[in-house]
Amino acid sequence: MNAAPLSAPLDVPSRPAPGLPEVLARLDRLTDWERRPRGGMRVGLAPMHDLLARLGAPQRRLQVVHVGGTKGKGSVSALIEAGLLRAGLRVGRYASPHVESVTERVCLGGAPVTEAVLARALARTLDAHEAARRDESAGGDATWFDVLTATALLIFGEAGLDWAVIEVGLGGRLDSTNAVDGDVAVITNIGLEHTEILGHTRAAIAAEKAGILKPGAALVTTLSPEDEAGAVAAGRAAALGCPVLRPVLPPGASIAEENATLAGLVLDHLGRDHPGLRDRGGAPVSAALLDGATRAAACLPGRLERRTIRRAEGPVPVVLDGAHVPFNLAAVLRDLVRADDLPGPCIALVAMAGDKDAPGFLAVLARHAARLVCTEMPERRGHGAETLQALALAEGIDAEAVALPGAALARAADLAAARGGWLLVTGSLHLVGALRGATQAEARNRLQSP
């Protein structure tokens with residue numbers, strides 16, 4: 001199938017179309033678990049099913065690749081999207097969280113939707129939510145993420161897509177995105193995260209994440225069947241009669257190599273399982289679509305993103321990465337240590353959400369960072385800067401606290417410049433988003449992480 005120009009033929013309301021700030025003000029009245037401690041988080045799909053039914057079940061018109069996992073799901077989703085776009089197909093991608101603009105979460109044709117398209121669809125979904133509240137049905141309990149997810153599916157359902165790539169928000173089985181039936185389910189990997197919701201072992205977390213696998217779908221994962229989490233995922237696949245596809249990775253594969261190999265395996269499967277799914281030249285869709293240019297086009301902001309900050313001593317290299325769990329950070333630092341263009345010591349600027357394993361994260365950072373500047377995100381549930389500083393000092397890291405992120409960035413850049421080093425901004429994509437505009441983009445990004 002060849003792509004035509006993408007559009008989003010949403011019904012035009014009789015009243016003037018609302019602007020995005022106006023509609024987001026309505027959305028922000030709902031419970032947003034991205035901003036709250038998640039210990040009391042409500043999970044369940046009943047609100048999503050009700051909302052989508054009121055919107056005409058747009059998810060039923062979609063062919064979906066559903067991507068979950070602890071790390072890498074955003075980058076793998078972007079690579080799958082880029083490969084399908086390279087083939088000339090009409091593709092949508094839903095992702096979370098956003099770095100700078102909420103429109104980043106809903107992409108059509110490889111670009112965020114316009115504010116007008118998002119506002120119009122979001123207003124319709126909020127109207128459905130308010131109708132559900134009046135009717136005292138399940139949709140009345142929808143959260144901020146439920147409503148935004150339903151909005152994305154509404155846009156995708158009316159855009160005439162060939163494929164939608166849907167990234168899981170949290171977990172899988174009870175995540176809002178699991179209202180879709182994926183043709184392919186991807187589980188990138190499993191680490192200990194959100195244990196208060198998903199469980200305290202990798203096996204328990206795998207059971208939640210494997211909940212996105214549906215009868216008739218294929219499971220694509222890096223997890224070995226001998227692994228604790230992999231055995232759980234393989235068991236669900238066997239119970240549903242689903243094939244399991246695992247990439248062959250070279251020893252010491254980088255994050256970028258692992259993500260591209262996993263995405264390529266998905267594309268190979270789609271080409272085999274859907275004989276009519278062909279690229280512009282008539283060949284079956286395959287991993288060959290992920291050439292260097294396509295992979296570069298899939299780079300996401302805040303994933304091993306290279307930037308610079310100017311100081312009197314010269315440009316300070318900056319790496320922005322939203323890693324927030326220890327094993328993710330370890331992989332990021334492993335790849336950065338291999339880079340030959342990051343001279344001198346690493347100065348790290350860190351903020352972390354309150355439900356993250358800050359001691360474990362800082363213990364990994366202690367092996368690489370010469371100095372740490374701790375900051376915080378006032379509008380987010382998070383560790384205070386002084387709390388992070390105390391934890392860092394306990395790990396033997398030379399650390400200081402600067403509560404305001406902008407001032408913390410200036411301080412960290414000055415330290416890096418004075419020492420002839422480089423700066424790593426990490427611990428939170430929200431921190432990355434807040435500071436990204438204060439840095440300058442490099443000509444190219446050499447590495448990419450989840």
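Just the heavy atoms: all of them, side chains too, but no hydrogens, waters or symmetry mates, feed the values below.
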Problem set entry | More than 12 heavy atoms from other groups under 6.0 Å of CZ on R334 | yes
Exercise. Is a side-chain donor-acceptor pair under 3.5 Å present for D135 with S137?
Worked result: no
Exercise. With distance as the sole test, does R54 use its side chain to make a donor-acceptor pair with the main-chain N or O of H129 at under 3.5 Å?
Worked result: no
Exercise. Counting only N and O atoms by type, is there a donor-acceptor contact under 3.5 Å from the side chain of E130 to the main-chain atoms of D127?
Worked result: no
Exercise. Is atom CD of E100 surrounded by more than 12 heavy atoms (other residues, nucleotides or ligands) closer than 6.0 Å?
Worked result: yes
Exercise. Under 3.5 Å, side chain of T375 to main-chain N/O of V402, donor-acceptor pair present?
Worked result: yes
Exercise. Do any N or O atoms from the side chain of D141 and from the backbone of P47 form a donor-acceptor pair under 3.5 angstrom?
Worked result: no
Problem set entry | Distance-only side-chain donor-acceptor flag, T222 / N189, under 3.5 Å | no
Problem set entry | N178 side chain near K214 side chain, heavy-atom distance below 4.5 Å | yes
Exercise. Is any side-chain heavy atom of L126 less than 4.5 Å from a side-chain heavy atom of L30?
Worked result: yes
Exercise. When rounded to the nearest 0.5 angstrom, what is the spacing between OG1 in T201 and CD1 in I205?
Worked result: 6.5 Å
Seminar exercise, completed: When rounded to the nearest 0.5 Å, the distance separating OG of S176 from CG of D146 is 3.5 Å
Problem set entry | Contact check, side chains of I212 and V168, non-hydrogen atoms, under 4.5 Å | yes
Exercise. Side chains of L262 and V186: does their closest heavy-atom pair fall under 4.5 Å?
Worked result: yes
Exercise. When you check the gap from the basic side-chain N to the acidic O, do R124 and E158 get nearer than 4.0 Å?
Worked result: yes
Exercise. Using a distance-only test with no angle check, is there a side-chain donor-acceptor pair under 3.5 angstrom linking T125 and T151?
Worked result: yes
Problem set entry | Any donor-acceptor pair under 3.5 Å from Q59 side chain to L153 backbone | no
Exercise. Sub-3.5 Å donor-acceptor pair from the side chain of T221 to the main-chain atoms of I187, do we have one?
Worked result: yes
Exercise. Hey, does D321 have a side-chain heavy atom less than 4.5 Å from the side chain of L304?
Worked result: yes
Problem set entry | Any D162 side-chain heavy atom under 4.5 Å of Q63 side chain | no
For this session: Answer yes when D175 and K209 have at least one side-chain N-carboxylate O distance shorter than 4.0 Å, and no when they do not.
Result: no
Seminar exercise, completed: Nearest heavy-atom contact between L265 and P247 is CD2-N, 3.4 Å
Exercise. Is the side chain of R236 donor-acceptor paired with the backbone N or O of L213 at a distance under 3.5 Å, no angle test?
Worked result: yes
Exercise. Has the side chain of E258 got a donor or acceptor atom that lies under 3.5 Å from a matching backbone atom of L249?
Worked result: no
Exercise. Between Y94 and T149, is any side-chain donor less than 3.5 angstrom from a side-chain acceptor?
Worked result: yes
Exercise. Just checking, is any N or O donor in the side chain of R272 or S286 under 3.5 Å from an acceptor N or O on the other one?
Worked result: no
Problem set entry | P58 side chain near L52 side chain, heavy-atom distance below 4.5 Å | yes
Exercise. Below 4.0 angstrom, N of the basic side chain to O of the carboxylate: do R307 and E305 qualify?
Worked result: yes
Exercise. Does a salt bridge link R202 with D227, judged by any charged N lying under 4.0 Å from a carboxylate O?
Worked result: yes
For this session: Answer yes if the side chains of S75 and R303 hold a donor-acceptor pair under 3.5 Å, and no otherwise.
Result: no
Problem set entry | Carboxylate-amine/guanidinium contact R60 D181, below 4.0 Å | no
For this session: Answer yes or no: is there a donor N or O on one side and an acceptor on the other, between the side chain of R90 and the main chain of A159, under 3.5 Å?
Result: yes
Exercise. Would you say the side-chain atoms of R61 pair up with the backbone N or O of G157, donor to acceptor, closer than 3.5 Å?
Worked result: yes
For this session: Would you mind reporting whether W163 and L62 have side-chain heavy atoms less than 4.5 Å apart?
Result: no
